[in-house]
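Chain identifiers are assigned alphabetically (A, B, ...) following the order of the sequence lines, protein sequences preceding nucleic acid strands; residue numbering begins at 1 within each chain. Quick caveat: nothing in here was measured; it's all calculated off a predicted structure.
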Amino acid sequence: MPEVETIKLQIKEEIKGKKIESVKVILDKPLKNTTTEEFKQRVEGTFVKDVKRRAKILIIELSTGDSLLIHLKLTGRLLYLKPEEPIEKHTHLVFNLSDGKQLRFWDLRQFGYVKIVSGKPEEAPELRELGPEALELGLDEFRRLLAGKRSGKIKPLLMNQNFIAGIGNIYSDEMLFYAGIQPTRDVTTLTDGEIVKLHEGIKKILSAAVRYKGSSVDDYVDLYGEQGDFVMYHKVYRRTGKPCEKCGTPIKRIKLAGRSAHFCPKCQV
DNA sequence: GTCGATGTTATCAA
DNA sequence: TTTGATAACATCGA
């Protein structure tokens with residue numbers, strides 16, 4: 001989410017109010033929702049009314065009442081470039097803007113999408129079931145949400161977008177380290193003190209990560225191709241075998257719900 | 001060459 | 001209802 005939020009702020013700054021003159025579709029796979037023809041027909045000639053984010057999905061509201069929903073998944077990029085810049089491999093869509101520049105959708109693994117929805121975007125199926133935004137989550141609401149669970153491990157639950165929206169693999173590891181809770185911990189065993197600390201961790205980790213423009217662990221770059229700086233502050237994510245900054249114990253990595261989870265076996269109970 | 005890993009999530013089986 | 005595996009895909013490093 002901090003990566004998407006970074007791009008949202010930058011895109012809003014650059015393209016709000018501008019016209020999308022034309023669209024070039026190099027690969028139509030990201031257009032899960034429409035044919036190339038329909039996509040071009042509905043997007044070309046529209047103005048960008050506003051740019052928003054919900055969970056990890058970018059919302060570009062168009063002057064026609066339609067919205068673009070853009071999900072970058074693991075390796076998607078949005079880049080703002082001059083037309084004379086060479087088209088890099090893995091560039092799938094090019095939006096030509098009225099300022100003479102281009103917004104390009106690049107995606108190495110091709111998991112990302114650009115869909116069009118009409119009407120209120122929050123009522124689109126992609127957004128309808130999402131939980132509360134992580135950065136807007138109140139402590140009491142967090143307590144209530146947790147109290148509603150009968151079982152389950154804390155890390156996969158934190159990453160469940162229908163439970164809370166916006167927490168991914170990196171940040172779930174970091175906030176659990178902050179709170180001193182093991183990723184495998186059953187949610188029903190959390191003390192109120194731990195819940196308070198975890199809630200604090202959600203806010204602190206995510207807002208710091210947004211401040212540092214996200215984590216460039218592999219392919220992620222922002223709208224201008226710049227890396228995010230938050231990796232410097234990772235305490236556990238991808239630090240397997242390195243000493244815990246608090247106690248020196250080597251950081252452990254396990255597999256959990258198909259994802260890797262990193263933690264300090266001594267600091268996290 | 002092979003295997004496992006990679007920031008996500010929809011889908012299907014158990 | 002919940003959870004766990006798998007798939008979608010390209011690339012990199014061991």
Side-chain angles (χ1 to χ4, degrees), chain A residues 1-8 26-33 53-58 69-79 88-93 105-115 124-131 134 145-146 148-176 183-188 205-206 209-210 212-223 225-234 236-241 251-262:
Chain A
M1 179 279 270
E3 292 76 20
V4 183
E5 178 67 12
T6 300
I7 293 174
K8 180 206 82 180
I26 298 165
L27 180 74
D28 67 3
K29 181 127 60 118
L31 310 180
K32 308 274 185 217
N33 213 358
R53 176 190 60 77
R54 177 81 170 101
K56 304 169 190 170
I57 300 174
L58 270 162
L69 300 186
I70 304 181
H71 202 313
L72 300 173
K73 297 282 181 90
L74 280 85
T75 56
R77 290 176 177 173
L78 282 169
L79 299 164
E88 301 267 338
K89 191 176 175 185
H90 308 301
T91 302
H92 307 318
L93 305 170
F105 177 83
W106 179 104
D107 189 9
L108 192 151
R109 290 176 73 184
Q110 305 179 9
F111 293 169
Y113 63 73
V114 179
K115 297 186 190 179
E126 289 78 5
L127 304 182
R128 208 179 339 170
E129 314 255 301
L130 292 169
L145 284 173
L146 285 171
K149 300 308 279 188
R150 319 217 57 251
S151 71
K153 296 178 166 69
I154 185 64
K155 176 176 160 91
L157 185 64
L158 285 175
M159 294 202 296
N160 180 343
Q161 303 300 299
N162 295 335
F163 181 68
I164 299 170
I167 302 175
N169 202 33
I170 296 177
Y171 301 107
S172 59
D173 277 1
E174 294 299 322
M175 53 189 63
L176 286 167
T184 50
R185 205 44 198 287
D186 190 291
V187 293
T188 56
I205 296 290
L206 289 180
V210 171
Y212 287 99
K213 302 190 164 106
S215 303
S216 289
V217 133
D218 219 343
D219 288 304
Y220 166 73
V221 291
D222 70 8
L223 190 63
E226 305 279 330
Q227 304 213 325
D229 295 326
F230 194 67
V231 240
M232 296 163 47
Y233 303 95
H234 289 180
V236 288
Y237 185 77
R238 289 219 191 165
R239 293 196 66 251
T240 313
I251 298 300
K252 238 177 119 173
R253 183 173 72 122
I254 57 167
K255 200 92 172 164
L256 196 56
R259 310 298 299 279
S260 58
H262 310 74

Residues in ring pair (Phe, Tyr, Trp, His ring centres under 6.0 Å) with A:Phe163, at least two apart? none
Table of protein N/O atoms under 3.5 Å from nucleotides 10-14 of chain C N/O atoms:
residue : atom : partner  : partner atom : Å
C:dA10  : O4'  : A:Leu108 : O            : 3.4
C:dT11  : OP1  : A:Lys89  : NZ           : 3.1
C:dT11  : OP1  : A:His90  : NE2          : 2.9

Contacts of type salt bridge (Lys or Arg N to Asp or Glu O under 4.0 Å), residue A:Lys73, not counting sequence neighbours: none
Rounded to whole Å, please give me the gap between CG in A:Asp107 and P in C:dC9. 12 Å
Please convert DNA chain B into dot-bracket. A pair counts if it is Watson-Crick or G-U wobble with both distances under 3.5 Å; crossing pairs go in [ ] and bases paired with another strand get |. .|||||.|||||||
Spacing between A:Asn160 atom CG and C:dT1 atom P, to the nearest angstrom: 15 Å
Residues in side chain to side chain donor-acceptor pair (under 3.5 Å) contact with A:Asp186, at least two apart in sequence or another chain: A:Thr188
Pairs under 3.5 angstrom, nitrogen or oxygen only, protein versus nucleotides 9-14 of chain B, please.
residue : atom : partner : partner atom : Å
B:dT9   : OP1  : A:His71 : NE2          : 3.0
B:dT9   : OP2  : A:Lys56 : NZ           : 3.2

Could you state the atom-to-atom distance from NZ of A:Lys255 to P of B:dC3 in whole Å? 16 Å
Roughly how far, to the nearest 0.5 Å, is OH of A:Tyr113 from CG of A:Asn33? 9.5 Å
Looking at A:Lys213 and A:Glu226, is any side-chain nitrogen of the basic one under 4.0 Å from a carboxylate oxygen of the acidic one? no
Heavy atoms only, 4.0 Å cut-off, all strands: where does A:Gly258 land among base, sugar-phosphate and nothing? nothing
